[in-house]
> 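The structure under discussion is supplied below as structure tokens; questions concerning it will follow.
Letters go in sequence order (proteins before strands), and every chain restarts at 1. Note: hydrogens, waters and symmetry copies are ignored here, and every other heavy atom, side chains too, is used.
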Amino acid sequence: MLEIKYVRQNLLEVYNCLEKRGDTADLDTFEKAETARREILSEIEALRHKRNVVSDEIAGLKKKGKDAEEIVAQMRDVSGRIKVLEKSLTESEEKIQEILIRLPNIPHPSVPVGKDEADNQLLRKVGTPREFEFTPKPHWTIGENLNILDFERAAKITGARFPLYFGAGARLERALINFMLDLHTTDHGYTEVLPPFIVNRKTMTGTGQLPKFKEDLFKLEGWDYFLIPTAEVPVTNIYQDEILDESQLPVYYTAYTPCFRSEAGSYGKDTRGLIRQHQFNKVEMVKFTTPETSYDELDALLDNAETILKKLDLPYQVVVLSTGDLGFSAAKTYDIEVWMPAQGKQGKYREISSCSNFEGFQARRAGIRFKRKGKKGTQPVHTLNGSGLAVGRTVAAILENYQQADGSVVIPDVLRPYMGGMEIITI
RNA sequence: GGAGAGAUGACCGAGCGGCUGAAGGUGCACGCCUGGAAAGCGUGUGUGCCUGUAUAGGGCACCGAGGGUUCGAAUCCCUCUCUCUCCGCCA
């Protein structure tokens, strides 16, 4: 959420940012309601001040045993008037809130202006895609041939877009989770967290999934609870409505969770394989930092995610999302795209991690603030997060990049200890 | 599922219609003391909003959330949420 005062005082800038994102909002209504709100508030506060003063007088009179009926009657009117004004104040506030809660974050000045993902800026390519002496197969074919993936039975159990792993496939998924968590906790300084996978409405609103994107979420029937679409949601909200001390920052958390996404509106896209599932595993990194350090922390977080791919020896590229492709809550986002040799006609880079700085946007929504030593007041922390990495897509990338002509798949060196020494997956 | 208890400031904890933004303590900051530290002593220390050029001043709100009673509510009433204890059930 943007600060109400900021929006009021920078209406034009907010409008420009919306345009860059290809988004709109009713800023006219906002402005009118905000003006009304402040007028009503002044009047209410003046009346309440009067009530406070006179109430003291009444207390004084009663103490002396004098009659106060006349001013008591007066105050009855004042209180009535306050009640009426409070109602219209609430109306104005609701109008404002409705607009404010749906306003996206202001992109960082370094974010390239663009319409969509075609305008994302390529930052670097790392690793060289392997030359195949045969036509590489897509991961779903490899997985099904090796009997480690079974999408048909998954569809029978639940429906389309659910995974079912067997044997070495299930173990590979688990090995990746453990490998990633171990790396982040041991080498990168993160604390491991195992959060709830179901959260309430307030938490979903805190990180920005609600109210605007409710159609992307799975909601529990009969409960005001939702399945998490990413660990970002429960982990960022750990400090919801708390005031941290500056000395506690930065905080680094990493968490493995399954992620649940309705993928509404993506019918017909990536219908096969592990790329787009309603349920997938992910290891996430989350940071809470001071405003001064958040962009350095973003670079470090991106590097932590890239390290996984380097260790797995998977080729990838890093792009900066353009204003048109930037997520609702983010001020700046880097996507890491892994090389998938069997996607499309000649292979494709596919998103496997998204690393963002939300600045104070989520912190304001979720009430996560910090206090500086010797300084009055508080300010929102900066929150960041990034996938490190999406596990299902990593399995897909390994199957495609490490496949051999006979249909077997070589296990990357770093994962072998996690696979009980297994070096190759064969039938 | 049944019975009961509770939710107050960064934290602990008193208050139970006006004198309470809130006693006391802890923590923190500054000062005194000390060779230095600890202890001790003293002073200070909530958040948000409105107004304002102002980190000056003035005002309003906030004691789990929402509603009600009252001239006036942390204090009384109602609803909800959460926490804890006991019983039952259960991975």
Side-chain angles (χ1 to χ4, degrees), chain A residues 1-10 30-97 99-101 194-206 210 219-220 222-226 234 237-249 251 288 290-291 360 363-381:
Chain A
M1 191 161 56
L2 302 175
E3 207 183 344
I4 186 165
K5 207 187 286 179
Y6 176 86
V7 178
R8 179 170 82 219
Q9 292 168 352
N10 301 277
F30 170 86
E31 199 181 10
K32 277 182 199 139
E34 169 61 357
T35 305
R37 181 194 138 243
R38 283 185 297 153
E39 276 167 10
I40 299 163
L41 190 60
S42 299
E43 198 179 341
I44 287 180
E45 289 189 348
L47 288 172
R48 290 210 274 229
H49 177 59
K50 186 174 179 188
R51 185 176 68 185
N52 288 343
V53 171
V54 177
S55 286
D56 278 350
E57 275 177 43
I58 293 170
L61 287 175
K62 292 227 164 164
K63 222 176 188 174
K64 288 183 203 154
K66 287 187 184 164
D67 175 51
E69 190 43 48
E70 199 175 315
I71 46 176
V72 166
Q74 268 180 43
M75 284 306 102
R76 253 193 282 272
D77 290 345
V78 171
S79 282
R81 173 78 182 138
I82 289 173
K83 215 159 249 181
V84 171
L85 286 171
E86 277 174 344
K87 206 173 165 195
S88 52
L89 181 70
T90 305
E91 278 166 21
S92 296
E93 282 173 345
E94 279 169 357
K95 252 186 233 168
I96 291 162
Q97 188 62 9
I99 294 165
L100 208 57
I101 203 82
L194 186 58
F197 302 157
I198 295 173
V199 301
N200 61 31
R201 181 174 295 273
K202 187 177 179 192
T203 294
M204 275 299 182
T205 308
L210 288 176
K219 185 173 187 300
L220 299 200
W223 296 73
D224 205 23
Y225 289 173
F226 303 83
N237 278 283
I238 286 172
Y239 293 118
Q240 182 187 102
D241 290 325
E242 290 191 36
I243 299 171
L244 305 176
D245 193 273
E246 188 182 11
S247 63
Q248 289 173 261
L249 301 174
V251 176
F288 302 83
T290 58
R364 274 188 295 272
R365 288 177 160 247
I368 310 168
R369 295 164 293 167
F370 77 102
K371 204 174 170 57
R372 288 207 145 98
K373 234 181 194 70
K375 278 209 172 177
K376 263 197 221 163
T378 62
Q379 55 180 308
V381 302

> Can you tell me how far P in B:A23 sits from the matching atom in B:C30, rounded to whole Å?
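Approximately 24 Å lies between the P atom of B:A23 and that of B:C30.
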> Pick base, sugar-phosphate or nothing for A:N52, based on heavy-atom distances below 4.0 Å to the nucleic acid.
sugar-phosphate
> Is there a side-chain contact (heavy atoms from CB on, under 4.5 Å) between A:R364 and A:L100? Walk through the geometry before answering.
CA-CA 12 Å; A:R364 274 188 295 272; A:L100 208 57; over 6 Å; no
> Consider salt bridge (Lys or Arg N to Asp or Glu O under 4.0 Å). Of A:R365, A:K202, A:R369, which one does A:D241 pass it with?
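Looking at A:R365, A:K202, A:R369, the match for A:D241 under the salt bridge (Lys or Arg N to Asp or Glu O under 4.0 Å) is A:K202.
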> Using a 4.0 Å heavy-atom cut-off, does A:R37 contact any base of the nucleic acid, only the sugar-phosphate backbone, or nothing at all?
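Answer is sugar-phosphate: A:R37 comes under 4.0 Å of backbone atoms only.
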> Just to be sure I understand the rule, does A:R81 reach a base, reach only the sugar-phosphate, or reach nothing, if contact means heavy atoms closer than 4.0 Å?
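No contact at all - A:R81 keeps every heavy atom at 4.0 Å or more from the nucleic acid.
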> Take atom C1' in B:C12 and the same atom in B:A65, then report the distance between them in whole Å.
23 Å
> Could you give the distance separating B:A14 and B:C71 at their C1' atoms, to the nearest angstrom?
28 Å
> Can you tell me how far P in B:A3 sits from the matching atom in B:U8, rounded to whole Å?
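So the two P atoms sit 26 Å from each other.
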> Counting the atoms with a prime plus P, OP1 and OP2 as sugar-phosphate, which does A:K83 contact under 4.0 Å by heavy atoms, base, sugar-phosphate, or nothing?
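Here A:K83 touches the backbone only, sparing every base.
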> Would you measure the distance from the P atom in B:G46 across to the matching atom in B:C41 and give it in whole Å?
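That atom pair is separated by 23 Å.
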> Taking A:K83 first and then A:E86, would you say they form a salt bridge - that is, a charged N and a carboxylate O separated by under 4.0 Å?
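So A:K83 does not pair with A:E86 through a salt bridge.
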> How would you label the contact of A:Y225 with the nucleic acid (heavy atoms, under 4.0 Å): base, sugar-phosphate, or nothing?
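Sugar-phosphate, backbone atoms only, no base.
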> Atom CD1 of A:I243 and atom C1' of B:G46: how far apart are they, to the nearest Å?
8 Å
> Checking all strands, does A:L41 fall into the base, sugar-phosphate, or nothing category for heavy-atom contacts under 4.0 angstrom?
sugar-phosphate
